[in-house]
2 protein chains.
Amino acid sequence: MKEVLPQFNSTFSIDCVVFGFDEGELKVLLIERNEEPFKDWCALPGNLVRVDESLDQSALRILKELTGLGDIFMEQFYTFGNVDRHPQGRVISIAYYALLRLGGDKALKPITSYAKKAFWKNISDLPKLAFDHQMIFEKGLEKIKRRIKHQPIAFELLPEKFTLTQLQNVYELIMGKKLDKRNFRKKMLSFGVLKELDEKQKGVSFRAATLYKFDRRKYAKLFGKEISF
Amino acid sequence: MKEVLPQFNSTFSIDCVVFGFDEGELKVLLIERNEEPFKDWCALPGNLVRVDESLDQSALRILKELTGLGDIFMEQFYTFGNVDRHPQGRVISIAYYALLRLGGDKALKPITSYAKKAFWKNISDLPKLAFDHQMIFEKGLEKIKRRIKHQPIAFELLPEKFTLTQLQNVYELIMGKKLDKRNFRKKMLSFGVLKELDEKQKGVSFRAATLYKFDRRKYAKLFGKEISF
DNA sequence: TCAAAAGTGTTCGTAATACACCCATGT
DNA sequence: ACATGGGTGTATTACGAACACTTTTGA
């Protein structure tokens, strides 16, 4: 076992698996590292936890620094603590997943010392990642696969107004399989948590689809009941 | 924020929510602390992680020190990291739940410096707990409530040979509700992972029940299929 | 008029639920 | 003989799965 880094008062860090949905693809946010170890490698965004912030606060801060965005849906999913996961010392990492609406091509701001740049990468086309980040990514993807069946997390990836086909698309990408259109719509609408809008999709060269929004009030009323999407 | 304790190279600890089933009751393992802070309070068993052991190894070691038992089913479920959760400094805690066969009245060995004694307590009758251990316990219980529906963890609480009524009892205690006997048996047997033995319960003053054991081989073959107990 | 996606119902099989009585055993 | 838990079947309902064609729109 190597020496613990002397500058670490508390040797734990946060790593984030940030999912985004855009152009029909499920993407994950990566950075290119600007520091040793693993300088110039791709990695999940992450950083040390400050001594005066909780784990949740730390995760939010890290994402805010990278994306400028504040109200992001995040959840802690696992803590990775193998002895040799960090080549310079004993650093455990608490992993979070986050779900992000991409829509308006929001600019990423990797103006942090440890990252050269940040970018989105399709999840089926990942480069080699630093540390044990490959494993963290995989466990994060598994987690949202299970979560999406029981909680309305898909809406976090979509704009406020979305079509049923877009919604189905998100489900298919996360679950990794095709779904039947009629069954999907029937079931999704049967929960009564989608509000049909008097508004249609625009700018498409075919029949415009109806837009819906997720009704958080109605969903809150269902709470306790196990929904199974 | 208080000063970080100087003796901590790595300021993280493990806490364990250890469930046991005995005499028809679901119990949790507690210790009585012998150290500040919270001296003389009841707490979940836990300790600092050593610099040369992984989190899983640490959790196993802590339980081995208390119970003398080695092959215990454990799983990490959440990491608690509020800034003020430890009154003496910044200490985050990685929480594990464990499931234990109680049967033969195995002796507990609380021969560790930090605990005066260890004992089992019915989960519906818990004392005030040190730190944020009440919250950790509750989140652990929630976790096994969800787990038991999809994974065969109930068997970890039972002796190798058990009756269907005992099994149902475990499910009812963890899920917190009564189940229908006929439906429970039909469903449980339909998975084909229980092996009926040529053996009956002994020492009871009524009709002896058939004993079963959990067939890990057959269960392994089902893997990938979502079982829903 | 063609291409591309939107939108829509029915059937079938399986799984979940509700429900009550007789049986075997030890005292 | 009685008390205690063991053990069993059926009918009803709800849910998931499979499946194909017509409609709308813009280019």
How many Å lie between [atom1] on [X] and [atom2] on [N], as a whole number?
{"X": "A:Lys200", "N": "D:dT23", "atom1": "NZ", "atom2": "P", "answer": "16 Å"}
{"X": "B:Lys149", "N": "C:dA16", "atom1": "NZ", "atom2": "P", "answer": "12 Å"}
{"X": "B:Leu179", "N": "C:dA18", "atom1": "CG", "atom2": "P", "answer": "11 Å"}
{"X": "A:Leu167", "N": "C:dG7", "atom1": "CG", "atom2": "C1'", "answer": "16 Å"}
{"X": "A:Leu189", "N": "C:dT8", "atom1": "CG", "atom2": "C1'", "answer": "12 Å"}
{"X": "B:Lys202", "N": "C:dG26", "atom1": "NZ", "atom2": "P", "answer": "12 Å"}
{"X": "A:Met188", "N": "C:dA6", "atom1": "CE", "atom2": "C1'", "answer": "17 Å"}
{"X": "A:Asn183", "N": "D:dA20", "atom1": "CG", "atom2": "C1'", "answer": "13 Å"}

DNA chain C: 5'-proximal contact among B:Val204 and A:Lys181 (nearest heavy atom):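 With B:Val204 and A:Lys181 compared, the 5'-side residue is A:Lys181.
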Face-on cation placement of A:Lys117 at A:Phe119 ring, 6.0 Å and 45° thresholds: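 A:Lys117 over A:Phe119 ring: yes.
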Check: C:dA24 base within 3.5 Å donor-acceptor of B:Arg207 side chain: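 Not at all, since no donor on one side and acceptor on the other fall under 3.5 Å apart.
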Under 3.5 Å donor-acceptor pair, B:Lys187 side-chain atoms to C:dT17 base atoms: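 Answer is no: no donor-acceptor pair is held.
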Minimum-distance nucleotide (side-chain atoms of [X] versus [options]):
{"X": "B:Lys186", "options": "D:dA17, D:dG5, C:dT17", "value": "C:dT17"}
{"X": "A:Thr210", "options": "C:dG7, D:dA17, D:dT4", "value": "C:dG7"}
{"X": "A:Ser205", "options": "C:dT10, D:dT25, D:dG26", "value": "D:dG26"}
{"X": "B:Phe206", "options": "C:dG7, D:dG6, D:dA18", "value": "D:dG6"}
{"X": "A:Arg182", "options": "C:dA18, C:dG9, D:dG7", "value": "C:dG9"}

Pair listing, salt bridge (charged side-chain N to carboxylate O under 4.0 Å, His left out) test, anchored in residues 54-63 of chain A, at least two apart: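 For residues 54-63 of chain A, and leaving out neighbouring residues, the salt bridge (charged side-chain N to carboxylate O under 4.0 Å, His left out) pairs sorted by first residue read A:Glu53-A:Arg61, A:Arg61-A:Glu65.
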B:Asp180 vs B:Thr165, nearer the 5' end of DNA chain D by closest nucleotide: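 With B:Asp180 and B:Thr165 compared, the 5'-side residue is B:Thr165.
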Any B:Arg185 side-chain N or O less than 4.0 Å from OP1/OP2 of D:dG7: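 Indeed, a polar side-chain atom of B:Arg185 lies that close.
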Let me check something: any side-chain donor-acceptor pairs from residues 125-137 of chain A under 3.5 Å, sequence neighbours excluded? List them with distances.
{"unit_1": "A:Asp132", "atom_1": "OD1", "unit_2": "A:Arg85", "atom_2": "NE", "d": "3.4"}
{"unit_1": "A:Asp132", "atom_1": "OD1", "unit_2": "A:Arg85", "atom_2": "NH2", "d": "3.0"}
{"unit_1": "A:Asp132", "atom_1": "OD2", "unit_2": "A:Arg85", "atom_2": "NE", "d": "2.8"}
{"unit_1": "A:His133", "atom_1": "ND1", "unit_2": "A:Leu44", "atom_2": "N", "d": "3.0"}
{"unit_1": "A:His133", "atom_1": "NE2", "unit_2": "A:Asp15", "atom_2": "OD2", "d": "3.3"}
{"unit_1": "A:Gln134", "atom_1": "NE2", "unit_2": "A:Glu138", "atom_2": "OE2", "d": "2.8"}

Nearest heavy-atom neighbours spanning A:Gln151 and A:Tyr219: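 So the minimum-distance heavy-atom pair works out to NE2-OH, 4.3 Å.
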Salt-bridge criterion met for A:Glu75 and A:Arg147 (N-O under 4.0 Å):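 Yes, A:Glu75 and A:Arg147 are salt-bridged.
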Sugar-phosphate, base or nothing in reach of B:Thr163, heavy atoms under 4.0 Å: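 Nothing, no heavy atom under 4.0 Å.
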